[in-house]
Amino acid sequence: MRAQRRRGQSLAARLIRVSAAANLLQLSGSHLITALAERFPHWRIINVDNLQRCSSLKNLRSVEGSSRYTFIPGDVCNPFFINHLFSTENIEIVFHCAAETHVESSFLCPSHFMRVNADGTGVLVRAALEARVRRFIYISTDEVYGDSLDQPFDELSPQRPTNPYSASKAAAENIVMSYWIKHKFPVVITRSSNVYGPRQYHEKVIPRFLSLIQQEQKCTIQGSGLQSRHFLYVSDVTDAFLTVMEKGILGEIYNIGSSFEIPIIQLARELVKMKVKNVSCETLDDWMEFVEDRPVTELRYPMISEKLHRLGWRPKVTWKEGIRRTIKWYEENPNYWPLISENPENPAESCDQTPSHSVPYEAR
């Protein structure tokens, strides 16, 4: 707890709250909890999640038996729940990962995205201020910058969101930063490239393609497929979160970027070659189906991460190694998530509200 030290320990025992850690829209959430538990075994961790369809407590089996880990079901948009949580627990650090992130769904239900991503953040940061939390880390996205064909974004680049999802994240960032400006509340904001790795829900492009190939179906590609994305392996992103927790300057924003970039059409081809035996270069495109593009398509999100590099963080896992680990995990766990052809009974309440033939290109 606060300022309490145990004999032989250099770190105070701390109560960490991570929101939406079981939610695989935020792949890094469950991996973050695992990393915290391993690196700081004497800290107590609270995980808050409302367990939507794309969430699973299976993601946290490695810590569920620990007396230092607690799962509490709840909604960040519920001020009564959030205020009670902060009033009854001595929380020192908050990682706010909870979000709706599906871009196409955001065009169908923009008010829902604004409620969860912006209003929910407002509820959380207000309660954290009143509880005198020592550090509030808000997990945002590179999409708040909009796209750029050539000029990479640094943390001073203006926000230019191009869809309701990124607009809601930009609004949430501004809410968080206003508490730093007005109250000097100790906030740090991160903006990361696309994240991939084991246990990711299959509305995201890499697990979706892998699931389709497993079922001997074509990879559905929006538009031309020439839009490209930067990918970071999930352990590198969690390392970045821990770096800003320990070394980040309060009131600052940190890009978490990757030098690895690949067009979506090339990504599909690479995954087909890795998964399909004896496939020839001439037949690769037979595994692809081009479908209608999303309303707004961003071709690239290039970012500069020199600010974070100065804190000592750099990606460690290469694309070759990261995708090998990811494919291996999905091969060993083919039934971890329902098949993507299974539609929810009420798609308006689901995480993935897109038609079954389309595919998103963010992988957070």
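Only this structure's heavy atoms are used, side chains among them; waters, hydrogens and symmetry mates stay out.
No hydrogens or angles considered: nothing links the side chains of Q159 and E143 as a donor-acceptor pair under 3.5 Å. Neither side chain, T34 nor E38, offers a donor N or O lying under 3.5 Å from an acceptor on the other. Side-chain contact check for S166 and N163: at least one donor-acceptor pair (N or O, by modelled atom type) lies under 3.5 Å. Defined by atom type and a distance below 3.5 Å, a donor-acceptor pair is present between the side-chain atoms of H309 and R314. When only modelled atom types and interatomic distance are considered, R44 and Y69 share no side-chain donor-acceptor pair under 3.5 Å. In this structure, a donor-acceptor pair under 3.5 Å is absent between the side chains of S235 and H31.
Within the hydrophobic cluster formed by Ile, Leu, Val, Met, Phe, Trp and Tyr side chains joined at under 4.5 Å, directly or through other members, V116 stands alone, with no partner residue. Connectivity analysis of hydrophobic side chains (ILVMFWY, heavy atoms under 4.5 Å, direct or indirect) links L299 to L149.
Atom CD of residue E104 and atom CD of residue E292 lie 9.0 Å apart, to the nearest 0.5 angstrom. Between the OG atom of S224 and the CD1 atom of I264 there is a distance of 10.0 Å, given to the nearest 0.5 Å. Distance CE/M245 to CD1/I137: 6.5 Å, rounded to 0.5 Å. With rounding to the nearest 0.5 angstrom, the CZ atom of F209 is 6.0 Å from the OG1 atom of T220. Distance check, rounded to the nearest 0.5 Å: CD of E100 to OG of S168 gives 9.0 Å.
Using modelled atom types, no side-chain atom of D142 and backbone atom of R191 make a donor-acceptor pair closer than 3.5 Å. Between the side chain of T283 and the backbone N or O of D286, no donor-acceptor pair lies under 3.5 Å. Checked by atom type and distance alone, the side chain of N255 never pairs as donor or acceptor with a backbone atom of G257 at under 3.5 Å. At distances below 3.5 Å, at least one donor-acceptor pair connects side-chain atoms of D236 with backbone N or O atoms of V317. In this structure, T243 contributes its side chain and D239 its backbone to a donor-acceptor pair below 3.5 Å. Listed for the Y301 side chain is no donor-acceptor partner under 3.5 Å among the backbone atoms of S192. Judged by distance alone, with hydrogens and angles left aside, the side-chain atoms of N174 form a donor-acceptor pair with the main-chain N or O of A170 at under 3.5 Å. In this structure, the side chain of S305 does not engage the main chain of L308 through any donor-acceptor pair within 3.5 Å. Although no hydrogens or angles enter the test, the distance criterion places no donor-acceptor pair under 3.5 Å between the side chain of D119 and the main chain of C77. The closest donor-acceptor contact from the side chain of E252 to the backbone of G248 lies at 3.5 Å or more, if one exists at all.
With hydrophobic clusters built from ILVMFWY side chains whose heavy atoms lie under 4.5 angstrom apart, V234 shares a cluster with Y201. Under the 4.5 Å side-chain contact rule for hydrophobic residues, I93 and V133 share a cluster. Hydrophobic clustering, with ILVMFWY side chains joined whenever heavy atoms are under 4.5 angstrom apart, groups L124 together with F241. Under the 4.5 Å side-chain heavy-atom criterion for grouping Ile, Leu, Val, Met, Phe, Trp and Tyr, M114 is not connected to Y138 through any hydrophobic cluster. With hydrophobic clusters built from ILVMFWY side chains whose heavy atoms lie under 4.5 angstrom apart, W287 shares a cluster with L267.
Counting heavy atoms from C-beta on, the side chains of L311 and Y254 come closer than 4.5 Å. Taking the side chain as every heavy atom from C-beta outward, R134 and E92 approach each other to under 4.5 Å. At a threshold of 4.5 Å between non-hydrogen side-chain atoms, the residues I46 and I72 count as touching. Within the 4.5 Å cutoff, side-chain heavy atoms of L242 are placed close to those of L32. Counting heavy atoms from C-beta outward, W43 and R68 have side chains that stay 4.5 Å or more apart.
Taking the six-membered ring where tryptophan is involved, the planes of F136 and F185 are tilted, since the angle between them lies from 30° to 60°.
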Trace of the ring-ring contact (aromatic ring centres under 6.0 Å, His included) decision for W329 with Y336: CA-CA 10 Å; W329 185 89; Y336 195 85; 4.8 Å; yes
Between E64 and R61, does a salt bridge (Lys or Arg N to Asp or Glu O under 4.0 Å) hold up when you go through it step by step? CA-CA 5 Å; E64 65 182 3; R61 282 175 175 166; 5.1 Å; no
Under the criterion salt bridge (Lys or Arg N to Asp or Glu O under 4.0 Å), I'd like the reasoning laid out for E332 against K328: C-alpha separation, chi angles, the key distance, then a yes or no. CA-CA 6 Å; E332 294 174 348; K328 182 175 184 292; 2.6 Å; yes
Test side chain to side chain contact (heavy atoms under 4.5 Å, CB included) applied to I45 and V63, step by step: CA-CA 10 Å; I45 301 169; V63 297; over 6 Å; no
In sequence, state the C-alpha distance, the side-chain angles, and the governing distance for I253 and T190, and then conclude on side chain to side chain contact (heavy atoms under 4.5 Å, CB included). CA-CA 6 Å; I253 299 170; T190 67; over 6 Å; no
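Geometric assessment of K204 against the ring of Y196 yields a negative cation-pi assignment under the 6.0 Å and 45° thresholds. Geometric assessment of K182 against the ring of W180 yields a negative cation-pi assignment under the 6.0 Å and 45° thresholds.
Applying the salt bridge (Lys or Arg N to Asp or Glu O under 4.0 Å) test to pairs two or more places apart or on separate chains, those with a residue in residues 261-272 are E261-R300, R269-D285.
Enclosure of atom NZ in K58 by more than 12 non-hydrogen atoms of other residues, nucleotides or ligands within 6.0 angstrom is indicated.
Taking the six-membered ring for Trp and the full ring otherwise, the centers of W319 and F260 sit less than 6.0 Å from each other.
Listed here is the closest heavy atom pair of R199 and S30: NH2-OG, 3.2 Å.
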